[in-house]
Protein chains: 2
Amino acid sequence: MTEPIRLLLADDQALVRGALAALLSLEPDLTVVAEVSRGDEVVPEALRTGPDVALLDVEMPGLDGVAATAALRAALPSCRVLVVTTFGRPGYLRRAMEAGANGFVVKDTPARQLADAVRRVHAGLRVVDPALAAETLATGPSPLTERETEVLRTARGGGTVAELAATLHLSEGTVRNHLSAAIGKTGARNRADAVRVAEANGWLLG
Amino acid sequence: MTEPIRLLLADDQALVRGALAALLSLEPDLTVVAEVSRGDEVVPEALRTGPDVALLDVEMPGLDGVAATAALRAALPSCRVLVVTTFGRPGYLRRAMEAGANGFVVKDTPARQLADAVRRVHAGLRVVDPALAAETLATGPSPLTERETEVLRTARGGGTVAELAATLHLSEGTVRNHLSAAIGKTGARNRADAVRVAEANGWLLG
DNA sequence: GTGACCGCCTGACAAATGTCACGGCCGGAA
DNA sequence: TTCCGGCCGTGACATTTGTCAGGCGGTCAC
């Protein structure tokens with residue numbers, strides 16, 4: 001038998017991380033060589049342990065999974081990346097693929113399929129949930145401009161326009177205008193609704 | 001050796017559910033006899049398989065984990081309940097304990113401790129993260145009245161006051177007043193902020 | 001070059017939101 | 001009983017929010 005596939009696991013929830021390790025260790029051709037809980041630990045640990053495939057969660061402290069994907073692909077091109085995420089948000093898939101991910105799996109998929117996804121990614125194939133891929137293509141890229149995204153992202157905290165304007169160094173009128181544009185583009189009724197829609201589509205990463 | 005502890009797993013994310021099953025099956029004295037993905041499947045499946053301990057996630061479709069706890073304790077009192085949740089929200093812990101849960105574990109805890117938690121719960125002990133327990137006591141119960149909670153819960157969708165008033169069969173002024181009270185009690189600046197705070201504390205379950 | 005277009009920025013105005021003071025209702029304390 | 005306090009419901013008022021028309025600067029096609 002050939003050498004087993006060496007895996008790095010990155011997930012901020014220790015219980016999930018450990019459980020995934022147990023699940024994947026059941027496969028004789030897979031071995032977990034590293035586990036980290038933060039996005040900014042991915043590259044150092046990968047350089048130290050030299051995994052063949054990295055399983056990265058999107059929601060992580062320090063550095064989100066998409067940014068970690070880009071950093072890891074740059075630092076260790078031989079290591080494939082399989083993004084594993086809770087939320088099947090179109091924007092996440094798009095951004096992850098643009099960042100160089102080789103596969104994208106949501107945590108709803110049956111456990112038995114995970115090992116196969118790892119093997120396919122390791123073999124150089126792309127792994128993507130077909131339904132999510134279709135939704136991503138249908139949704140299209142984010143219609144929001146950079147400033148609109150930034151304003152909406154800041155508005156998540158629930159502050160008033162005056163506060164947003166202060167932190168962004170803009171006039172209140174400008175902030176209101178960006179918010180209005182975002183509301184229109186997302187088809188929302190509200191600032192709060194616009195935040196919800198944009199977040200659900202994965203347009204507020206970062 | 002005595003009979004192994006029989007487990008029921010309830011989590012809406014198939015991958016996490018399967019991974020937890022793999023993790024717990026490594027222990028010789030534990031055996032997973034049932035897995036469900038929805039809260040409303042917990043009681044029927046438990047009645048069919050007769051587990052000793054049920055591991056329930058809080059966030060589930062059909063019936064949330066707290067309601068499932070209450071239903072399970074009523075339908076099968078011999079089965080202990082260990083609630084396993086992503087978010088360490090004070091309100092969740094309080095509500096779960098009031099519903100009759102025997103233990104409460106967040107998904108941040110190390111994987112090795114999960115099996116011990118199961119054994120302790122099975123032995124009749126209570127298992128609670130001390131830090132979360134302290135935070136729960138410090139935070140206290142929800143300061144929101146029933147109506148305020150209901151209005152705030154409905155306001156999550158991001159609708160306008162007129163819509164809220166229509167769905168709740170109230171006057172617009174009344175809705176505004178409840179929202180204002182909720183904003184004051186949560187220390188928020190905004191309706192949106194109040195929703196965030198209440199949700200973070202686990203005050204909007206249901 | 002120049003015109004069309006797009007994103008960014010801003011102030012004025014209408015519409016919504018949040019605050020306040022008030023009255024009715026119910027349950028417990030004096 | 002009567003009083004008190006909490007919750008619910010409501011309308012009037014000030015504040016905040018969302019919309020609109022418009023000015024400025026850059027880029028691309030022609």
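Look at CG on N177(B): it is 9 Å from C1' on dC20(C), rounded to the nearest Å. Nucleotide dG7(C) holds its C1' atom 14 Å from the CD atom of E150(A), rounded to whole Å. In this structure, the CG atom of L144(A) is 11 Å from the P atom of dC8(C), given to the nearest Å. A straight line from CG of N190(A) to C1' of dG18(D) spans 10 Å, rounded to a whole angstrom. Residue L179(A) contributes atom CG, which lies 12 Å from atom C1' of dT19(D) at whole-angstrom precision. Look at NE2 on H178(B): it is 13 Å from P on dG11(D), rounded to the nearest Å. Distance CG (L164(B)) to P (dT17(C)): 8 Å, rounded to an integer number of Å. At whole-Å resolution of the value, CD1 in I183(B) and P in dT16(D) are 13 Å apart.
Side-chain nitrogen and oxygen atoms of S180(A) include none within less than 4.0 Å of the OP1 or OP2 phosphate oxygen of dC20(D). One finds a side-chain N or O of R147(B) lying less than 4.0 angstrom from the OP1 or OP2 phosphate oxygen of dG9(D). Phosphate proximity of dC8(D) to T174(B): absent, as no side-chain N or O sits under 4.0 Å from OP1 or OP2. Using a 4.0 Å cut-off, some side-chain N or O of R191(B) falls inside it from OP1 or OP2 of dT17(C). Regarding contacts with the backbone of dG11(D), a side-chain N or O of S171(B) is found under 4.0 angstrom from either OP1 or OP2.
The two atoms that bring A155(A) and L179(A) nearest to each other are CB-CD2, 4.4 Å, heavy atoms only.
The nucleotide whose nearest atom lies closest to any side-chain atom of T145(B) is, among dT17(C), dC8(C), dC7(D), dC7(D). In the set dA21(D), dT17(C), dG9(D), dT17(C) carries the atom at the smallest distance from any side-chain atom of R176(B).
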Per-pair distances, 0.1 Å, donor-acceptor, side chain in residues 66-80 of chain B, under 3.5 Å, sequence neighbours excluded:
from: T69(B); atom 1: OG1; to: G65(B); atom 2: O; distance (Å): 2.7
from: R73(B); atom 1: NE; to: G100(B); atom 2: O; distance (Å): 3.4
from: R73(B); atom 1: NH1; to: C79(B); atom 2: O; distance (Å): 2.9
from: R73(B); atom 1: NH1; to: N102(B); atom 2: OD1; distance (Å): 3.3

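Checking each of L132(B), D129(B), V127(B), V84(B) against F104(B) for a side-chain contact (heavy atoms from CB on, under 4.5 Å) leaves exactly one that passes, namely L132(B). Here the rule is side-chain contact (heavy atoms from CB on, under 4.5 Å) with L55(B), and of L8(B), L24(B), V81(B) only L24(B) fits it.
Between D64(B) and R95(B) there is no salt bridge, since no side-chain N of the basic residue sits under 4.0 Å from a carboxylate O of the acidic one.
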